[in-house]
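Below, chain A is the first sequence line, B the second, and so on; all start at residue 1.
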There are 2 protein chains.
Amino acid sequence: MEKPKKVPTISNAEWEVMKVLWSESPKTANQVVDTLKDKTSWNPRTIRTLIGRLVRKKALGFTQDQKDKRKYLYHPLVSEREMAKAETKSMLKRIYGGALNVMVANFLEEERLSKEEIDELRLILDKKKNELDG
Amino acid sequence: MEKPKKVPTISNAEWEVMKVLWSESPKTANQVVDTLKDKTSWNPRTIRTLIGRLVRKKALGFTQDQKDKRKYLYHPLVSEREMAKAETKSMLKRIYGGALNVMVANFLEEERLSKEEIDELRLILDKKKNELDG
DNA sequence: AAGTATAAACTACATATGTAATAAAACTAG
DNA sequence: CTAGTTTTATTACATATGTAGTTTATACTT
């Protein structure tokens, strides 16, 4: 029985920081700043603030850097999958009464997916259905 | 050429209020409060505050009640579809790089859909695909 | 060993949000 | 018409978030 591990909720900006560390970790604050320098226009101070908040929320943990003892090496404490799932569920609940197919239907109506994307989705569904059929 | 009509972003609690008025409108504040009394534990004050904020955000409009001139009759200024689509897109972008199928795949992996739900989704996709095929 | 650069910690401040209380205005009952 | 009631409008306050500046501790560097 896995414990229900409650994932922290994080803000938009915090999500960007997490993505950096999900893609590769551990990293020092400076490395995170460097990675985000291109993608965003955030002041390094801001990024450090966000890192601090993520630590407080227990979305990030850290260890001491062995080369430079002042620095921390940050790493995610929650997987991207877990967070994505939690966020998705909460959004689906809020907006679509939790119904994934309502969401997909609504979304498809106006957004155009390519035929390939649709086929890929169908494959995903077929696979899932086979699992159910046993 | 429709103008890109920018939909306001609203909070979780505000969504609940909008849902009441999307399901039936116009309604007076009191009617909204009544509808929400069962579903939530919010103080009527709170609900009126939320209505006010939604008016400020131009998500709701109102007209004067003819019976009692003090009362307003509130109605949505933005459709549920528009808001849902905007929210969905922004969430997909933030979390899944905008890719609907990544989202569906991830979500399906751990959430169980019934066979019926899966079939319904497949129908939606088939219909969409036929449209593309022409 | 002392000075300094720098990383992390703490503080700041505006706007958003959850959650209401109070004030002002207008209707209704006596 | 005046008082009480009921609506809307204004104000309040804590926490979250975006966006940084300032302080402090201390690991480097000379």
OP1 or OP2 of [N] less than 4.0 angstrom from a side-chain nitrogen or oxygen of [X], does that happen here?
| X | N | value |
| --- | --- | --- |
| B/Lys57 | C/dT17 | yes |
| A/Asn12 | D/dT17 | no |
| B/Lys71 | D/dT7 | yes |

In short, A/Ile118 meets B/Lys128 closest at the heavy-atom pair CD1-CG, 3.5 Å
task: Mark yes when over 12 heavy atoms from residues, nucleotides or ligands other than A/Lys89 sit less than 6.0 Å from its NZ; otherwise mark no.
output: no
I need the [atom1]-[atom2] distance between [X] and [N], as an integer number of Å.
| X | N | atom1 | atom2 | value |
| --- | --- | --- | --- | --- |
| B/Glu14 | C/dT19 | CD | P | 12 Å |
| A/Arg56 | D/dG18 | CZ | P | 13 Å |
| A/Ile10 | D/dT17 | CD1 | P | 9 Å |
| B/Gln64 | C/dA25 | CD | C1' | 12 Å |
| A/Leu54 | C/dA8 | CG | P | 14 Å |
| B/Leu50 | C/dA16 | CG | P | 15 Å |
| B/Glu16 | C/dT19 | CD | P | 12 Å |
| B/Ile51 | D/dA9 | CD1 | P | 11 Å |

Does any donor-acceptor pair link the side chain of [X] with the base of [N] at a separation under 3.5 Å?
| X | N | result |
| --- | --- | --- |
| A/Thr49 | D/dA20 | yes |
| A/Arg53 | D/dG18 | yes |
| B/Arg48 | D/dT6 | no |

Interatomic distance, NZ@B/Lys58 vs CG@B/Leu77, rounded to 0.5 Å, equals 8.5 Å
Which nucleotide in the list [options] gets nearest to the side chain of [X]?
| X | options | result |
| --- | --- | --- |
| B/Asn30 | D/dT7, D/dG18, D/dT17 | D/dT7 |
| B/Tyr72 | D/dG18, D/dA27, D/dT8 | D/dT8 |
| A/Arg70 | D/dG18, C/dA7, D/dT8 | C/dA7 |
| B/Tyr74 | D/dT8, C/dA5, D/dT19 | D/dT8 |
| A/Thr46 | C/dA9, D/dT19, C/dT17 | D/dT19 |

Open item on the list: Counting the atoms with a prime plus P, OP1 and OP2 as sugar-phosphate, which does A/Ser11 contact under 4.0 Å by heavy atoms, base, sugar-phosphate, or nothing?
Closed with: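 Result for A/Ser11 = sugar-phosphate.
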Starting at the 5' end of DNA chain D, which residue's closest nucleotide do you reach first, A/Trp42 or A/Asp68?
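So the residue in question is A/Trp42.
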On DNA chain D, check which nucleotide each of A/Asn43 and A/Thr9 is closest to and give me the residue with the more 5' one.
->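 The answer here is A/Thr9.
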Tell me, do B/Tyr74 and B/Val32 make a side-chain contact under 4.5 Å, heavy atoms counted?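 No, too far: nothing below the 4.5 Å cut-off.
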Could you check whether B/Lys67 pairs with B/Asp65 (Lys NZ or Arg NE/NH1/NH2 to Asp/Glu carboxylate O, under 4.0 Å)?
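B/Asp65 and B/Lys67: not salt-bridged.
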Salt bridge flag under 4.0 Å for residues A/Glu16 and A/Lys19: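 A salt bridge links A/Glu16 with A/Lys19.
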